[in-house]
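Every heavy atom of this structure was used, including side-chain atoms; hydrogens, water molecules and symmetry mates were not. Letters A, B, ... mirror the listed sequences (proteins, then strands); counts begin at 1. Remember, predicted model here, so these are calculated numbers, not experimental data.
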Number of protein chains: 4
Amino acid sequence: MKAIVKSKPEPGLQLCEAPEPEPGPDEVLIRVKAVGICGTDVHIFKWDEWSANRIKPPLLVGHEFVGVVEEVGREVRHIRKGARVSAEGHITCGHCRFCRTGQGHICREVEIIGVDRDGCFAEYLAMPADNIWPVPDSIPDKYASVFDPLGNAMHTVMSQPVAGRTVLITGAGAIGLFAVAIARAAGAGNVVAVEPNRFKRRLALEAGADVVLDPADEELAARVLDASEGLGPEVFLEMSGNADALVLGLRLLRNGGHAALLGIPPREVTLNLPELVIFKAATIRGVNGRRMYDTWYQCQSFLERHRLSIDTVITHTFPFAEYAKAFDVILGGNAGKLVMFVDGA
Amino acid sequence: MKAIVKSKPEPGLQLCEAPEPEPGPDEVLIRVKAVGICGTDVHIFKWDEWSANRIKPPLLVGHEFVGVVEEVGREVRHIRKGARVSAEGHITCGHCRFCRTGQGHICREVEIIGVDRDGCFAEYLAMPADNIWPVPDSIPDKYASVFDPLGNAMHTVMSQPVAGRTVLITGAGAIGLFAVAIARAAGAGNVVAVEPNRFKRRLALEAGADVVLDPADEELAARVLDASEGLGPEVFLEMSGNADALVLGLRLLRNGGHAALLGIPPREVTLNLPELVIFKAATIRGVNGRRMYDTWYQCQSFLERHRLSIDTVITHTFPFAEYAKAFDVILGGNAGKLVMFVDGA
Amino acid sequence: MKAIVKSKPEPGLQLCEAPEPEPGPDEVLIRVKAVGICGTDVHIFKWDEWSANRIKPPLLVGHEFVGVVEEVGREVRHIRKGARVSAEGHITCGHCRFCRTGQGHICREVEIIGVDRDGCFAEYLAMPADNIWPVPDSIPDKYASVFDPLGNAMHTVMSQPVAGRTVLITGAGAIGLFAVAIARAAGAGNVVAVEPNRFKRRLALEAGADVVLDPADEELAARVLDASEGLGPEVFLEMSGNADALVLGLRLLRNGGHAALLGIPPREVTLNLPELVIFKAATIRGVNGRRMYDTWYQCQSFLERHRLSIDTVITHTFPFAEYAKAFDVILGGNAGKLVMFVDGA
Amino acid sequence: MKAIVKSKPEPGLQLCEAPEPEPGPDEVLIRVKAVGICGTDVHIFKWDEWSANRIKPPLLVGHEFVGVVEEVGREVRHIRKGARVSAEGHITCGHCRFCRTGQGHICREVEIIGVDRDGCFAEYLAMPADNIWPVPDSIPDKYASVFDPLGNAMHTVMSQPVAGRTVLITGAGAIGLFAVAIARAAGAGNVVAVEPNRFKRRLALEAGADVVLDPADEELAARVLDASEGLGPEVFLEMSGNADALVLGLRLLRNGGHAALLGIPPREVTLNLPELVIFKAATIRGVNGRRMYDTWYQCQSFLERHRLSIDTVITHTFPFAEYAKAFDVILGGNAGKLVMFVDGA
């Protein structure tokens, strides 16, 4: 089969032939129809420090997808051949304390497809049946292929109530944009997005932000206070991984406010904790992956009922064969989410 | 001044002359501009069993209003003459355990204006300064006059998260209709309203319900399950005070679901608790009044930012002098919320 | 093997020979060491209306146990032969919305051992590996055999915070007594137990209740108020299934208080909901089974560290062969929890 | 009257004559009986950077006390002359969004007695009636004088459930020791205290810690894991203000764990947020002051019912006149809480 592979410990990715995976007794084999490209894939493409430490080539990359079940393992119940499915890409141990208490998203033995084992940028993929997410017909492939990053955004937004509250979102990459759309759909008071890239700021407006700001804007703090009763936002969602954005958001956060951190900042961030957290009695939550499977049900509920508009967030689609062009577009910076259709490979 | 008064222990209300109230040192005097008519006022009008037990004539009725501060008591800080205001009509003791822990809405010494002491269907009203709610210019009188019942609905909807969840609402009177609009604005999956009156069912649709059902519909249960993944609604809001509606909603409620009861059912309701509550691990919350003042801030947040459309819920407006006609319309059944403008008296 | 069996649809149970179960590929075979007798077993013994509707003889009864793994199915990982184990007796479907979101305790396809399929009053038992609970050496068989009802109590107590709060518990059967001990260990302010049986009232005191009351006591309400700052208990745990106890507890419950219902009342209970729930803004939670597996971890945490004294609750132990005597003692009423040791069969 | 005063912007404090305060119409005058010495008082004594920026001499210091009401302002209801009282030392504005929603502890206009206005190290003190806390007879002066720091500890411990969970506490000063005792009383699984001072480590054991560790212990991490199922503590309470302790606690915290920060670290702490917060999906809460007045009710509930042993934490008592000696003892490091009795002045 065709697959996009990190074949050597160096920058770049290759579209090449790879053996079809064989599903184990608890697994299903999926013919992939469409995939989303994640920032993680870009890190692996660039072969940055994180990738060099974590990835063991050769590896089939990719973890966001939708496809069709082609084959069902011997022990699998409740999934039938022909079902259209996506899947949770975090494969958990299933028997640790976290897995046994509905907290699989923080299992310490997790394996991530496309990172720790072969991924979905391929014509076929084998996945544990427990991870499979059947997709209703009403959700098109383009949206179903990005359940994973939409789930990151959903998990982050749903970490605290947003209805009627002002929500500050730093970073308008694909997940930040999804978060804007979700916060809007979930009844946020004002949604304020902060993003340096002009193209993405425009996407944030289209996704439903009420106020969109350049971090270079000298009036930024005043504008955020204007949008939040002069007290600062009640909710702050950090989606950029930028240390300055993190500090900015915590500084603006209202006393008693809630912050959820999904973006991965540098390993060393210096914080004035008394001012940013303690005296203001802030609550800060680290967010990792998606709740299994509450987050998936939430995403489905919004998408299925057309409560959530993510169409403008998916700015580009490509056939699989043009993956190089797709990565070029991402590296150019002026993109939201990119989806590749495998049928076109 | 002119005022609508229950002067004797018998049905009916009179528009008559009454002395202007004098504000105490901790109070303000308000010139009333517009008032909402509540179901409670209708009970008092009809002089039903509850009224006969609770109300001590003579009494100025009414508790929903907006007005302008005319005079400020000696000890009052932070409220200025000329301010446009509404007010929380539950006057709490201020020093009991409930009041001291942010739970004034369940203070056992509460006095309600228009019920336990003179109310707002009058040209002037004196209120404790602590109860005053300043109204921003962006919220017109018509909406500001119904902060109180809108707050009942807000308190009920906000008793549990609704974003992405199916919400069943029984009873589409004014508060039920407000609840429909709020649930919709707060990102509910589907909003299903059950209401016997055809006129009110149409109002529920206009307020944002996705599915509107007559309780006489033999397919009702199936239709509710259709709208809720076959599992029943995750949230049930009882706004009718009807015992059958209460039982219906609890029966349909999803395992693990949340019910909030605002409607006042008869004193004796027979429940199959094992089936309706225990085996399904339901959570049921009684709802009383409005959170002081979280609920008010929430209402304001939605109204001020035009996130909430309540215009269609306010079906009729009358000048104060035509109060008899207003009560007639309500008693006729085909009405949402009625507002009277005092300036027209 | 020897087993206690409901062989015909009539009162009574027989100790007789039954074939050893054979574990499936996902199951383990357990040699049973000790079992607890539950009220449910007594219902089945007596063959009351509930049993006659639910139980399909012949059936091996019992669902509380500790034993040793004798054999491990082909697909089972993470459980080894020789492990000492108990197990969650609710066997869930594993793939429904409830199971996929950490809410297996409300799975609608649940099968209960000793009720819907063969149980543990036998020398051997086959159980799905997913349900197995490994027991640390520090917890003796006598305690490990009652993880299940202790878990019911833990689930009920942990439904709301109890630290520093007055907790009213109605019903001092085994689960009520466990609840007393847990509430005490979890830092409750006062623990007040209401129980008509004098023997059980004494057990409640031994388990850690601060105040123990006979429901016939005419001063009961005053005594409960005395123990709860004159405002009523903040937490009410209904463990008796008695309708009067339920109403009593809700009436005494403090405004804003929390009730958790585990006892199964008759199908028709008449409630004054305005007074008991709505005006006081009470929260009522139905409690079913045990959280999988949060509740088990909680029980283990308390037992393993000797934070919880349940020794006085287990009033009698019998060898398996004397099961008839054990049921006699229970039917006599003066008993807490009874444990039977199978080795003695 | 006699009072302990910071008379000039320099190290030291003086016991001198000061005019008796006169209570305003909403205030009461209190004759002080006993006071606690806080770390804040020591900062002011030493005249460190924080004090030099915040304190405007001359100032009567001190904010922890118990006394007797001597005089009652004209507008005060519900407090009678002769009542024994303590008081919340944070005087809030009463009308901002925080104050109006039960969050006075994060009012941005707060004034703290002994810091922003005259305090309680004096024979008499005037306090707003709203801040007064009546003390039941069953709580002796020695304990009632330290409601304030006990409340800091209570607020911190109660920020998340601790029953059955392992709680790590860094810093065994007076507030850390109170937290140890509270966590123990509230049913924590294991309480692990980390403290460099040997004397305080012994106090932590006496207060109820299960494991007490020196941060210099090379096996510290292993010992904490031993006490927490190998997964790390579920709850981490930072009470030291030491940056290394903060990082240590966050590193050891279990995935999905809860941290509450009360200690004031330096303004610049460098954190590896991906590892310490994000990937482990930790929740971190800043803690400020005491909940008004939930925390006070909680403290009273535990003290009144003798559920909480704080006697060993109060290591020294002095007559007021020996304040210099008291500060010497604190500066020497080998002390828990110090209380001064004013009657002895």
Side-chain angles (χ1 to χ4, degrees), chain C residues 102 134 136 138 150-151 153-167 179-192 208-211 226-231 233-235 254 256 258 290-291 293-309, chain D residues 102 134 136 138 150-151 153-167 179-192 208-211 226-231 233-235 254 256 258 290-291 293-309:
Chain C
S138 59
L150 183 66
M154 185 65 75
H155 187 182
T156 311
V157 177
M158 293 291 169
S159 297
Q160 58 283 299
V162 299
R165 294 175 160 184
T166 292
V167 178
V180 167
I182 293 166
R184 181 73 282 126
N190 281 322
V191 177
V192 180
D210 301 287
V211 179
D226 270 1
S228 54
E229 295 105 5
L231 300 172
E234 287 137 307
V235 175
R254 182 176 301 193
H258 293 253
R290 293 149 296 282
R291 303 277 316 186
Y293 284 86
D294 314 73
T295 304
W296 290 79
Y297 285 108
Q298 289 167 338
C299 289
Q300 181 155 311
S301 173
F302 277 94
L303 286 179
E304 207 174 357
R305 287 158 182 149
H306 314 292
R307 303 287 182 216
L308 188 61
S309 168
Chain D
S138 59
L150 184 66
M154 185 65 75
H155 187 183
T156 311
V157 176
M158 293 293 169
S159 297
Q160 57 284 298
V162 300
R165 294 175 159 185
T166 291
V167 177
V180 166
I182 294 166
R184 180 74 282 126
N190 281 322
V191 176
V192 180
D210 300 287
V211 179
D226 271 0
S228 54
E229 297 106 5
L231 299 172
E234 286 137 309
V235 174
R254 183 176 300 193
H258 292 252
R290 294 148 296 280
R291 302 277 316 186
Y293 284 84
D294 315 75
T295 304
W296 290 79
Y297 284 108
Q298 290 167 338
C299 289
Q300 182 155 310
S301 174
F302 278 94
L303 285 179
E304 209 174 354
R305 288 157 182 151
H306 313 293
R307 303 286 183 216
L308 186 62
S309 168

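- For a heavy-atom cut-off of 4.5 Å, chain D lies close to C:Ser301, C:Phe302 in residues 295-303 of chain C.
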**Request:** Could you walk me through whether C:Thr166 and D:Arg305 pass the side-chain contact (heavy atoms from CB on, under 4.5 Å) test, one step at a time?
**Result:** CA-CA 11 Å; C:Thr166 292; D:Arg305 288 157 182 151; 3.5 Å; yes
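- Of all non-hydrogen atoms in C:Val211 and C:Ala227, the two that sit nearest each other are CG2-CB, 4.2 Å.
- If you tally non-hydrogen atom pairs under 4.5 Å between each of D:Glu304, D:Arg165, D:Glu229 and chain C, the highest count goes to D:Glu229.
- Listed options D:Ala185, D:Ala188, D:Gly187 were ranked by heavy-atom pairs under 4.5 angstrom with chain C; first place goes to D:Gly187.
- Of the inter-residue distances, the one linking D:Asn190 atom CG with C:Arg307 atom CZ reads 5.5 Å to the nearest 0.5 angstrom.
- Of all the heavy atoms in C:Pro161 and C:Val235, the pair that sits closest is O-CG2, 3.7 Å.
- Heavy atoms of D:Met158 lying under 4.5 Å from chain C belong exclusively to its side chain.
- C:Ala183 does not touch chain D: none of its heavy atoms, backbone or side chain, sits under 4.5 Å away.
- The two residues D:Ala181 and D:Ser309 come nearest to each other via the heavy atoms CB-O, 3.8 Å.
- If you measure heavy-atom distances from C:Ala186 to chain D, the contacts under 4.5 Å come from both the backbone and the side chain.
- Taking every heavy atom of both residues into account, D:Ala153 and D:Ala179 meet most closely at CB-N, 3.7 Å.
- For residues 182-191 of chain C, the salt bridge (Lys or Arg N to Asp or Glu O under 4.0 Å) pairs, not counting sequence neighbours, are C:Arg184-C:Asp210.
- The heavy-atom pair separating C:Ala209 from C:Val180 by the smallest distance is N-CG1, 3.4 Å.
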